[in-house]
Amino acid sequence: MEPLYQPQGIEDRWQRAWEDEGLYAAEPGSGRETFVVAHPPPNVTGALHTGHALQISVADVLVRWHRMRGFETAFLTGYDHAGISTQNAVERHLAEKGESRNDYGREQFVELVWAWLREYGGTIMNQFRRMGASMDYRRERFTMDDEYVRAVMRFFVHLYGKGWIYRANRIINWCPFHETSLSDLELVHEEVDDALTHVRYPFADEPESGVTIATARPATILADVAVAVNPDDDRWRDAIGREVLVPFVERPVPVIADERVDIEFGTGALKVTPAHDPLDFEIGRDHGLPEPSVIGLDGRMNENAGELAGLTQEEAGGRILDWIKERGLLEKRESYRHTVALCERCNSRIEPLISLQWWCSMEELKKPALEALGSRRVAYHPESQHRYAVDSLENAPDWNISRQIWWGHQLPVWECPDGHETVAETDPDACAECGSTDLTRSEDVLDTWFSSALWPFAILGWPEQTPELDAWYPGTLNTTAREIIRLWENRMIFSGLELMGDVPFRHVIIHTTVLAADGRRMSKSLGTGLDPLDLVDEHGADATRYGLLKMSSSQDVRFAIGAIEEGRKLANKLWNASRLVLGAGPAEGDSSPEAVEERWIYARLDETRREIDADLGAFDFAHAVDRLYHVTFDDFCDWYLEAIKPRLGEPQVRATARAALERLLKLLHPVMPHVTEEIWSHLPDRETPLIVAPWPEPDDRFAADLHALDRVQEARPVYVRSGVRPQFTDDEERIFEIVTKRDRVQGEGNAEAEIERLRQEIARAEGMLANERFTSKAPADVVAAEREKLERYRRELDAIGN
RNA sequence: GGGCGGUUAGCUCAGUUGGGAGAGCACCUGCCUUACAAGCAGGGGGUCGCAAGUUCGAGCCUUGCACCGCCCACCA
């Protein structure tokens, strides 16, 4: 064993060994209590980022802890086909060659995606392995596996049969590049500098007057069907019910009243364009207005734009503004900063368009899910996220589940020439309504999250009633990031309740968001990202896991390399402690603690075991790793090993030290699996690898010795500073002699300062105890503790006086 | 605009029902002590964001304010 612990080489050796020996494997029907984690499937083209690394550290610590405690642990994983994201990756690749998906056609393009995945996909699973994630990789699933596809089809047919999936023409977010609809959750918003144009729409019967509106998109004027004002707005009250002329097209439209119009904004008058704005769409539907469109799927002016057809919106807007200027209708044009919606994948500006899409009604699905959240059958950690989960589910609008991209699960919907819909899990032979055999399948694919929603049970074989499904549903917990709650957690919960009759898991751990060191979000585009594998290369997976867990305290935390370095130090410290213990010679014989320092370390280790159990049980990872650091450095190394060093020649001392080390390794294993397993392998006569060694049982035999070294520990700095030392018992005296052997007394003869310090403490304690309001109102144990302190200070003062 | 989190040592952060302000890193001093200099011992350094309140007592509880951040949001 070299003096410097180097994780490189050691870590991957153990990762292979654990997996090859089947120690990651989960088997249903073992009869043991289960601990099941259906880990969030990364995008199939994805690479490990810091969020993944933290997420997997959190889950793996819990999995390893439970595995050692004898649970049947199923840590399950796989890939998400990630519709738009994957298609976009392949399209970007094509763009580099000057090609687009349209050069291939749908069928060939999908083949291209599969080929792409075979070449570039699936790398992240090996990155999970490099983090030490003890997943059952044999059970890896992909949302495009045949079995999984069948589950998705079953889900669709089921919801359709209940009447909860339907088709409707509504305004949706349209990405002109991908030529697909997107949900609100797939957009990003960006501030842009634009212009706000104030235009007077003349009254049809009084052209010299009119209503002035404000717009940021003059091109949409052509599709105006009304002007709306707030009924409480005195400025425009008289205009309500009159007609104005839409510029350029000179179409008369009504002035209507609607309370959704913001009096404060612009002129207080809103031009209503139902086909190209979500708010206008709602107002239009409520007032029964027509919905003409002038912008096409490519984002340019369509055939309804007459002479402007084919122009870009900017060009058309310019032409319309010219027209308006010429007629003196332009009242004001001012610079205007506002946010616009962009496609999160390609950054194209989103067009709100009316389109025929498939929708999933939330009305019935969300009810049982809300009940499950309300009763905490699904509990959020931290609890503060619970309300957000409930709010977002309560307010969930109907879900647009259809997309017009090519990569994904094609809808199980067929249409005959007469326009009848047939919905079936597998290819139907004939139209369900008219019997026609001339059927065409819908070209739409499903929103990726529609299939993700089934993850916890589809990976177990649903809709087949498999042994895995029996054994592992419902699962135990799910770990994810905050922004995924609406996209995924809520949907897994309602789909699980609907199809399985129970929640998919009991706990949702919302882990910390690790920000870049400068406090900004980590992101590739900002250049603030960080490759966790670089950390693993340099410091080891153990140190990386330790550091990330140490950082995982509050909601957002800045990345600090110091935390990773601390983990590396801990691994190295542990390594060297074991060199001392193992290098001292054979250790046959009795390992029961005898000397006070031996009983003390056993008590400390058991206390730490209790703290770790409590911390991990409460998902407080940062506190757990803090305890592990201190028990290793302070208790085990600096006091226990130092105290027994002179007696390492005695077999019983060595045997006891090995037993203590063994316990320490167990406590550290869930967080730092590799270094602990490596050291464990150097211990003779191990019955099992550490990964499946039993977690330490509670052991209160030496609880009375938990504080046996307190006096010595407190006295040491006083002694070094002043040369003053109290009277000790024989045991304390022995240990004090050992640990202070090389200490240099710095202020010999300078007892006055220490005496003064004690006198101040005594005065403070006496003052508090003399306060009648304190002694009468403070809890009895607090007063008693204060009395004890006072006694102790007096004893110490007496000791120094001697 | 809404929700959530944060503000404690130079930096990153702990601080569990209110009761003597902590850790790691950095810095200073002394030690190459035969496990570890990626070590050991000791030390300096903080009006706990600001203000008011409750209390015998507030980093912790209440109210207000300021600032930072993350997420969400249809002001045309």
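To find a chain, count down the sequence lines: A is the first, B the second, and so on, and within it residues start at 1.
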Side chain of Asn576(A) only, please: which of G24(B), A35(B), C70(B) is the nearest? A35(B)

Taking the side chain of Tyr629(A) as heavy atoms from C-beta outward, which of A76(B), G69(B), G24(B) is closest to it? G24(B)

Rounded to whole Å, CD of Glu2(A) lies from P of A37(B) at a distance of 12 Å

Any-strand Watson-Crick or G-U partner of C11(B), both distances under 3.5 Å: G24(B)

Is the positively charged end of Lys569(A) above the ring of Phe633(A), judged by distance under 6.0 angstrom from the centroid and angle within 45° of the axis? yes

Measure up the His381(A) and Phe619(A) rings against each other and bin them: parallel (under 30°), tilted (30 to 60°), perpendicular (over 60°). perpendicular

For G24(B), does OP1 or OP2 lie under 4.0 Å from any side-chain N or O of Lys573(A)? no

Counting only side-chain N and O atoms of Arg387(A), is one of them less than 4.0 Å from OP1 or OP2 of C4(B)? yes

Tyr388(A) has an atom OH; how far is it from atom C1' of C72(B), in whole Å? 6 Å

Walking RNA chain B from its 5' end, the first of Phe559(A) and Glu282(A) to be reached, judged by nearest nucleotide, is Phe559(A)

Return the CE to CZ distance between Met551(A) and Phe559(A), rounded to the nearest 0.5 Å. 4.5 Å

With a 3.5 Å limit on both atom pairs, tell me what C70(B) is paired to, counting Watson-Crick and G-U wobble, or say none. G3(B)

Between Glu597(A) and Lys645(A), does any side-chain N to carboxylate O distance fall below 4.0 Å? no

Distance check needed: A41(B) P versus Leu641(A) CG, whole Å only. 13 Å

Ignoring hydrogens and angles, state whether a donor on the side chain of Thr212(A) or Lys332(A) is under 3.5 Å from an acceptor on the partner side chain. no

Does Arg521(A) have a side-chain nitrogen or oxygen under 4.0 Å from the phosphate oxygens OP1 or OP2 of C70(B)? no

Under-3.5 Å donor-acceptor pair between Gln6(A) side chain and A38(B) base: no

Against the side chain of Arg579(A), the closest entry in A76(B), C71(B), A35(B) is A35(B)

Closest to the His630(A) side chain: A23(B), C36(B), C13(B)? A23(B)

Which nucleotide in the list A73(B), C40(B), G43(B) gets nearest to the side chain of Arg721(A)? G43(B)

Closest to the side chain of Gln385(A), out of A38(B), A76(B), C4(B), is C4(B)

Nearest to the side chain of Arg744(A), heavy atoms from C-beta on, is which of A76(B), U29(B), A35(B)? U29(B)

Between A76(B), C70(B), A35(B), spot the one nearest the side chain of Asp556(A), thanks. C70(B)

Is the distance from OP1 or OP2 of A73(B) to the nearest side-chain N or O of Arg486(A) less than 4.0 Å? yes

Under a 3.5 Å limit for both distances, which nucleotide forms a Watson-Crick or G-U wobble pair with C40(B), could you say? G30(B)

With no angle test and no hydrogens, is the base of C71(B) tied to the side chain of Glu483(A) by a donor-acceptor pair under 3.5 Å? no

A35(B), OP1 or OP2 - any side-chain N/O from Lys645(A) closer than 4.0 Å? yes

At under 4.0 Å, does any side-chain N or O of Ser553(A) touch on OP1 or OP2 of A14(B)? yes

In whole Å, I'd like the distance from the CG atom of Leu187(A) to the P atom of A73(B). 8 Å

Rounded distance (Å) that lies between atom P of G24(B) and atom CG of Leu628(A): 15 Å

Minimum-distance nucleotide to Val720(A) side chain [options: G42(B), G69(B), C74(B)]: G42(B)

Pair Asp743(A) + Arg716(A): basic N to acidic O under 4.0 Å: yes

